[in-house]
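A single structure is presented below for examination.
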2 protein chains.
Amino acid sequence: MKSENRKKEIISAASILFKEKGYSAVTMRDLAKAMGIKAASLYNHIQSKQEILSTIIIGLAEEFTVGMNKIVSSDASTIQKLKNIIDLHIDVTLRNADGLASLNSDWMHLEEGNLQYFEQMREEYEENFRTIVKRGVANGEIKSYNIEIMVFSTLSTLRTLYLWYPKQHGIDADILKRDMMSVLLKGIV
Amino acid sequence: MKSENRKKEIISAASILFKEKGYSAVTMRDLAKAMGIKAASLYNHIQSKQEILSTIIIGLAEEFTVGMNKIVSSDASTIQKLKNIIDLHIDVTLRNADGLASLNSDWMHLEEGNLQYFEQMREEYEENFRTIVKRGVANGEIKSYNIEIMVFSTLSTLRTLYLWYPKQHGIDADILKRDMMSVLLKGIV
DNA sequence: TTATTAAACTAACAAACGTTAGTTTTGTTT
DNA sequence: AAACAAAACTAACGTTTGTTAGTTTAATAA
């Protein structure tokens with residue numbers, strides 16, 4: 001049994017380094033040092049630096065895609081769907097805040113088909129989000145402001161949770177979800 | 001008169017490339033090609049790659065610092081102060097969306113004193129923001145949710161405006177400001 | 001025209017990059 | 001104890017990196 005464990009350790013260490021300095025600024029020697037081994041030894045477990053990046057990003061993007069598809073195809077109200085989206089983002093952030101840094105900041109360094117695959121998933125995710133909000137505006141659940149502004153405003157906060165959450169010590173996940181839903185949906189005034 | 005114009009052109013071109021691929025992934029040869037010259041020729045106008053980055057970031061950070069200080073020392077209401085902050089972010093974004101990408105994503109690659117200088121400005125900016133919101137909660141202008149969540153939620157949207165605004169064709173700045181204020185302060189539900 | 005200067009060029013540098021090949025160490029199975 | 005496989009190692013490769021030195025071209029001033 002070829003130890004896939006070591007590979008996961010490498011990817012975890014890489015996620016942290018990528019978060020701190022970005023994919024391009026992290027060298028294989030940096031990563032090796034963080035693992036306590038030499039750079040060449042990494043290649044006993046991974047195929048390339050690029051493989052590390054795509055493993056981190058594509059896995060997370062697929063998680064979002066699966067989650068969003070469940071929400072879209074449910075028969076919940078618009079507001080409940082928005083709450084479910086907030087829930088999804090917070091859950092993923094709690095589970096893999098480091099990896100989200102790469103998804104948000106280094107996706108453009110994906111190669112081969114992975115870049116297009118990622119962009120397609122992201123576009124569909126945003127389109128689903130937009131459709132939910134539009135429907136809410138149509139049936140009066142959501143205010144009639146500019147759709148793009150509402151979608152962007154909400155999504156930008158959810159997407160950058162990974163930057164903020166690790167700095168909050170010991171904030172309870174449920175309280176975070178409750179307050180975040182209030183702030184994003186009902187405002188602060 | 002040594003042409004400072006050419007230097008500004010280089011910094012503009014660099015801002016665009018840094019936005020697309022990040023500071024570390026952009027080579028001096030990439031930048032030279034975008035300018036239609038050879039890499040070595042860049043050094044007739046700039047001292048180093050690092051100088052380009054710090055010029056972009058420190059200038060913008062100081063703009064935010066000056067703007068925030070004006071707002072803080074005014075005698076406007078909390079809500080008006082928040083509106084002024086939104087105004088400030090939108091104004092800076094309209095004027096230099098490309099540079100904001102470096103400020104947001106590549107500040108950690110600043111060297112020497114500039115890194116500490118930047119971090120200090122950012123910390124003071126956030127602290128000013130927090131103080132404004134806290135005062136608003138104290139006098140009843142702002143709802144009593146978790147302070148950090150309200151500050152983060154608002155600021156994360158304002159900070160990533162640069163990613164979103166250029167993709168909206170022909171949205172009027174005043175309409176953007178008005179709707180953004182409504183969405184951020186009063187929510188979408 | 002000549003002199004001067006700004007801004008381009010060619011050529012090259014030392015260092016750092018991702019990665020490969022081949023070897024040794026370490027730990028487990030027979 | 002012997003055999004095997006996993007995972008570390010050393011050494012090196014061909015590129016690419018930011019940058020410097022010295023030279024040529026182009027534009028302006030005397």
Side-chain angles (χ1 to χ4, degrees), chain A residues 1-58 102 105-115, chain B residues 1-58 102 105-115:
Chain A
M1 182 184 69
K2 196 171 186 180
S3 173
E4 290 289 309
N5 243 34
R6 198 77 173 129
K7 184 167 183 174
K8 282 181 185 164
E9 286 176 22
I10 291 173
I11 290 172
S12 287
S15 296
I16 294 171
L17 294 179
F18 291 169
K19 177 183 182 177
E20 290 170 352
K21 308 181 18 178
Y23 175 74
S24 299
V26 174
T27 72
M28 296 305 278
R29 287 166 180 84
D30 291 336
L31 178 54
K33 182 167 278 182
M35 295 288 299
I37 59 178
K38 299 288 173 175
S41 305
L42 293 168
Y43 290 84
N44 285 318
H45 308 281
I46 54 126
Q47 292 196 359
S48 64
K49 189 186 181 190
Q50 174 68 204
E51 186 205 8
I52 299 175
L53 184 69
S54 59
T55 300
I56 294 170
I57 295 181
I58 299 297
S102 296
S105 301
D106 282 319
W107 57 267
M108 73 287 287
H109 299 118
L110 289 173
E111 289 174 1
E112 308 156 26
N114 280 326
L115 177 57
Chain B
M1 182 183 70
K2 196 170 184 179
S3 173
E4 290 289 309
N5 243 34
R6 198 76 174 131
K7 184 168 183 173
K8 282 181 185 165
E9 285 176 21
I10 291 173
I11 289 172
S12 288
S15 297
I16 294 171
L17 294 181
F18 291 170
K19 177 183 181 177
E20 290 170 351
K21 307 180 22 178
Y23 175 73
S24 299
V26 174
T27 71
M28 297 303 278
R29 286 164 180 84
D30 290 337
L31 178 53
K33 182 166 278 182
M35 295 288 299
I37 59 178
K38 299 287 172 173
S41 305
L42 293 168
Y43 289 84
N44 286 318
H45 308 282
I46 55 127
Q47 293 194 359
S48 63
K49 190 187 181 189
Q50 174 69 202
E51 187 205 7
I52 298 175
L53 184 70
S54 59
T55 301
I56 294 171
I57 294 181
I58 299 297
S102 296
S105 300
D106 283 319
W107 57 267
M108 73 287 286
H109 299 118
L110 288 172
E111 289 174 3
E112 308 159 26
N114 280 326
L115 178 57

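Letters A, B, ... are given to chains in the order of the sequence lines, protein chains preceding strands, and every chain is numbered from 1. As the structure is a prediction and not an experimental result, all values here were calculated from the model. Just so it is clear, the values below take in all heavy atoms, side chains as well, and ignore hydrogens, waters and symmetry mates.
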Checklist entry - What is the nucleic acid contact for T27(B), judged by heavy atoms within less than 4.0 Å: base, sugar-phosphate only, or nothing? => result sugar-phosphate
Checklist entry - Which part of the nucleic acid does R6(A) contact within heavy-atom distance under 4.0 Å: base, sugar-phosphate only, or nothing? => result sugar-phosphate
Item to check | Donor-acceptor pair between N44(A) and S41(A) side chains, under 3.5 angstrom | outcome: no
Next on the checklist: From the set dT19(D), dG18(C), dT20(C), return the single nucleotide nearest to any side-chain atom of R29(A).
Outcome noted: dG18(C)
Checklist entry - In terms of side-chain heavy atoms of I37(B), which of dA7(D), dT10(D), dA8(C) is nearest? => result dA8(C)
Checklist outcome for this item: Rounded to whole Å, the CD1-P distance (I46(B) to dT19(D)) equals 7 Å
Item to check | Full working for side chain to side chain contact (heavy atoms under 4.5 Å, CB included) between W107(B) and L115(B) | outcome: CA-CA 7 Å; W107(B) 57 267; L115(B) 178 57; 3.9 Å; yes
Checklist entry - When the distance from OH of Y43(A) to C1' of dC13(D) is rounded to whole Å, what number comes out? => result 13 Å
Checklist entry - Honestly, is K49(A) close enough over Y23(A), meaning NZ or CZ under 6.0 Å from the six-membered ring centre and within 45° of the axis? => result yes
Checklist outcome for this item: note: N44(A), atom CG; dA21(C), atom P; distance rounded to Å ~ 13 Å
Checklist entry - What's the CD-C1' distance between E4(B) and dA7(C), to the nearest Å? => result 14 Å
Checklist entry - Can you check the K33(B) NZ to dA8(C) P distance for me, whole Å? => result 17 Å
Item to check | Distance, rounded to the nearest Å, where D30(A) contributes CG and dC17(C) contributes P | outcome: 7 Å
Item to check | M28(A) CE - dT20(C) C1' separation (whole Å) | outcome: 13 Å
Next on the checklist: Measuring from the side chain of S41(A) (C-beta onward, heavy atoms only), which nucleotide among dC9(D), dA8(C), dT19(D) has the closest atom?
Outcome noted: dC9(D)
Item to check | K7(A) with E51(A): basic N within carboxylate O range, under 4.0 Å | outcome: yes
Item to check | L31(B) CG - dG18(D) C1' separation (whole Å) | outcome: 12 Å
Next on the checklist: Measuring to OP1 and OP2 of dA8(C), would you say a side-chain N or O of K38(B) lies under 4.0 angstrom away?
Outcome noted: no
Checklist entry - Do any side-chain nitrogens or oxygens of H45(A) fall under 4.0 Å of OP1 or OP2 in dA6(D)? => result no
Checklist entry - Step by step, would you call H45(A) with E9(A) a side chain to side chain contact (heavy atoms under 4.5 Å, CB included)? => result CA-CA 10 Å; H45(A) 308 281; E9(A) 286 176 22; over 6 Å; no
